[in-house]
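Naming convention: chains lettered A, B, ... in sequence-line order (proteins, then strands); numbering from 1 in each chain. Because only heavy atoms are used, hydrogens play no part in the values below, and waters and symmetry mates are left out as well, while side chains stay in.
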Number of protein chains: 2
Amino acid sequence: MADEGATSIWMQPEGHERSGPGRRPGYSREQITRTAVRIADAEGVEAATMRRIAGELGTGAMSLYRYVPRRDDLFDLMIDLAMSGIELPDGPSGDWRGDLTLLGRRIRAVGLRHPWLIALLTSRPTLGPSLLRVHEFALGAFSGTGLDIDDITGFVGMLNDYVHSAIRREIGWLEEARRTGLDPERWKRDYMGPYVRQVVESGAFPLFNRSVLDSRTAHLAPEERFRHGLDRILDAIAALIPSLCSP
Amino acid sequence: MADEGATSIWMQPEGHERSGPGRRPGYSREQITRTAVRIADAEGVEAATMRRIAGELGTGAMSLYRYVPRRDDLFDLMIDLAMSGIELPDGPSGDWRGDLTLLGRRIRAVGLRHPWLIALLTSRPTLGPSLLRVHEFALGAFSGTGLDIDDITGFVGMLNDYVHSAIRREIGWLEEARRTGLDPERWKRDYMGPYVRQVVESGAFPLFNRSVLDSRTAHLAPEERFRHGLDRILDAIAALIPSLCSP
DNA sequence: CTCCATTTGCGTACATGGTACCTGAATGGT
DNA sequence: ACCATTCAGGTACCATGTACGCAAATGGAG
């Protein structure tokens with residue numbers, strides 16, 4: 001074979017669909033990816049090791065390498081499988097705000113269902129087909145506004161940035177607690193709590209203190225807080241669309 | 001000792017400043033952190049292993065554990081050391097746009113100088129003193145605008161989100177190329193290029209195609225592109241500040 | 001049916017990582 | 001001079017990704 005693994009995983013077909021001689025494959029890329037996702041959902045992405053995935057499938061670790069070139073490529077496949085769970089209308093509805101609100105909520109839903117997703121997604125440049133589909137839908141939401149493609153890309157970027165970091169804020173400390181082995185309540189009270197309390201009581205950062213103590217949105221339910229932030233981003237975008245602001 | 005490592009690294013002093021009996025320490029937390037940062041800058045954060053850092057200091061890996069409870073805590077220290085390199089005025093100047101532009105450029109500078117910084121920073125909730133100082137400056141930039149603390153927090157978040165993801169876009173693929181062992185030019189041409197070309201030529205994602213092919217900002221110098229995006233975010237924020245829009 | 005090139009299954013092995021544990025050396029108070 | 005205390009760092013353990021090699025399965029050619 002020429003240059004195995006020297007190109008993107010999306011350029012390498014499974015290769016198990018010829019009809020020549022040789023033993024029939026007993027597994028599949030999708031089956032392996034699904035297993036990895038299931039393990040990562042339940043115990044974190046660091047639990048989805050090659051041996052563990054293979055064990056779950058009843059085979060040896062090295063068998064997986066007949067289907068996936070490297071572990072990093074498996075991450076790309078996991079990301080794309082998770083993103084494929086986002087159901088979207090076939091095209092934009094004409095109501096860009098409604099479309100993007102829907103998209104934001106769907107992304108949040110998969111981000112919570114797969115707590116490893118956002119961390120992987122933002123840790124490496126990846127462009128799987130499902131991600132492209134989602135991205136295309138986001139771009140399409142602005143297609144009726146007469147905006148420049150650069151402006152559209154920028155707005156979609158702003159939205160993505162917000163959605164990703166909001167999800168990270170929502171689950172980041174939970175994941176960190178899990179990684180350190182403490183239960184979340186204990187982590188908040190014994191691990192992070194004392195330090196934040198010390199910082200607050202020192203009075204060295206008065207505005208930080210206000211953002212911790214005087215916040216009204218901090219007491220909202222997570223979904224409400226997400227929606228509130230998303231609305232602000234959409235407000236900001238609306239304020240910058242000339243055809244809506246100064247026609 | 002009671003509960004070593006059961007609390008944040010920022011709550012655990014070095015402990016090497018008593019005057020009782022016992023051997024004098026030969027190293028320091030800061031020295032170890034500086035060494036780790038130097039290695040990570042040159043060869044990536046994955047090269048900054050405990051053994052490697054210790055070797056660079058001429059000692060054994062286990063000696064480091066007298067100064068740092070876990071490797072993850074060392075990451076927190078590295079993040080904070082890098083952030084401490086950001087020089088800022090003592091307080092806000094009154095020109096919030098100018099202050100935040102300055103801050104954005106400074107963060108970009110350290111993000112490029114330490115290509116591992118943004119990835120670490122966004123991969124775990126950490127709140128070191130230097131990060132707090134920078135955050136407080138960002139919050140302070142809005143202090144003269146009469147805004148609600150929740151609004152200020154939201155705007156600072158928007159800005160942070162943009163700055164972080166812009167830096168990631170700028171260096172993310174370079175880092176990925178280094179991780180896979182290819183030189184950047186080869187990675188772009190042989191690894192990612194063919195896939196993007198295939199996607200473009202398939203015509204399946206017309207708006208994605210336009211964002212790749214018809215972009216004007218894509219041909220700007222990196223710093224210009226960063227400034228342009230930052231200006232758009234600041235425009236968006238300005239448009240949402242009621243005291244500037246509808247007083 | 002028999003052979004054989006081809007492909008998969010997977011055990012073995014290696015390099016590398018974090019870090020628990022232990023011994024010995026250094027140090028300052030009594 | 002003794003000794004509790006603290007640091008240096010070697011050894012060891014376990015987990016990880018994955019290179020390599022061989023046996024088993026498979027379907028076409030004769």
Among [options], which is the nearest nucleotide to the side chain of [X]?
X	options	result
Ser63(A)	dC10(C), dT27(C), dT16(D)	dC10(C)
Thr49(B)	dG17(C), dC10(C), dT26(D)	dG17(C)
Met50(B)	dA19(D), dT26(D), dT19(C)	dT19(C)

Integer-rounded Å distance: [N] [atom2] and [X] [atom1]:
X	N	atom1	atom2	result
Ile39(A)	dT16(D)	CD1	P	11 Å
Leu64(B)	dG10(D)	CG	C1'	14 Å
Met62(A)	dG9(C)	CE	P	12 Å
Glu46(A)	dG17(D)	CD	C1'	16 Å
Arg29(A)	dT8(C)	CZ	P	12 Å
Asp72(B)	dG17(C)	CG	C1'	13 Å
Arg179(A)	dG18(C)	CZ	P	16 Å
Arg66(B)	dC21(C)	CZ	C1'	11 Å

Original post:
Hey, what's the ring geometry for Phe205(B) with Phe208(B), parallel, tilted or perpendicular (30° and 60° as the breaks)?
Top reply: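 Answer is perpendicular, since the angle exceeds 60°.
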Original post:
Relative to the ring of Tyr67(B), is the ring of Tyr27(B) parallel (under 30°), tilted (30 to 60°) or perpendicular (over 60°)?
Top reply: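 Answer is perpendicular, since the angle exceeds 60°.
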Does a nitrogen or oxygen in the side chain of [X] sit under 4.0 Å from OP1 or OP2 of [N]?
X	N	result
Arg71(A)	dG17(D)	yes
Tyr27(A)	dC10(C)	yes
Tyr67(B)	dA8(D)	yes
Arg23(B)	dA25(C)	no

Original post:
Strictly by modelled atom types, are Thr49(B) and Arg71(B) linked by a side-chain donor-acceptor pair under 3.5 Å?
Top reply: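 Thr49(B) vs Arg71(B): no donor-acceptor pair found between side chains.
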Original post:
Between Tyr65(B) and Thr59(A), who's closer to the 5' end of DNA chain C by nearest nucleotide?
Top reply: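 Residue closer to the 5' terminus by nearest nucleotide: Thr59(A).
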Subject >> No-H, no-angle donor-acceptor pair, Arg51(A) side chain to dG17(D) base, under 3.5 Å >> reply: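 When only heavy-atom distances are counted, Arg51(A) does reach the base of dG17(D) through a donor-acceptor pair under 3.5 Å.
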Original post:
Per the atom types in the model, does the base of dG18(C) pair as donor or acceptor with the side chain of Arg70(B) at under 3.5 Å?
Top reply: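 No such pair is found, so the answer is no.
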Original post:
Do the charged groups of Glu223(A) and Arg108(A) touch, with an N to O distance under 4.0 Å?
Top reply: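 A salt bridge is present here (some side-chain N lies under 4.0 Å from a carboxylate O).
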Original post:
Do NZ/NE/NH1/NH2 and the carboxylate oxygens of Arg178(A) and Glu46(A) come within less than 4.0 Å?
Top reply: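 Here Arg178(A) pairs with Glu46(A) in a salt bridge, since their nearest N and O are under 4.0 Å apart.
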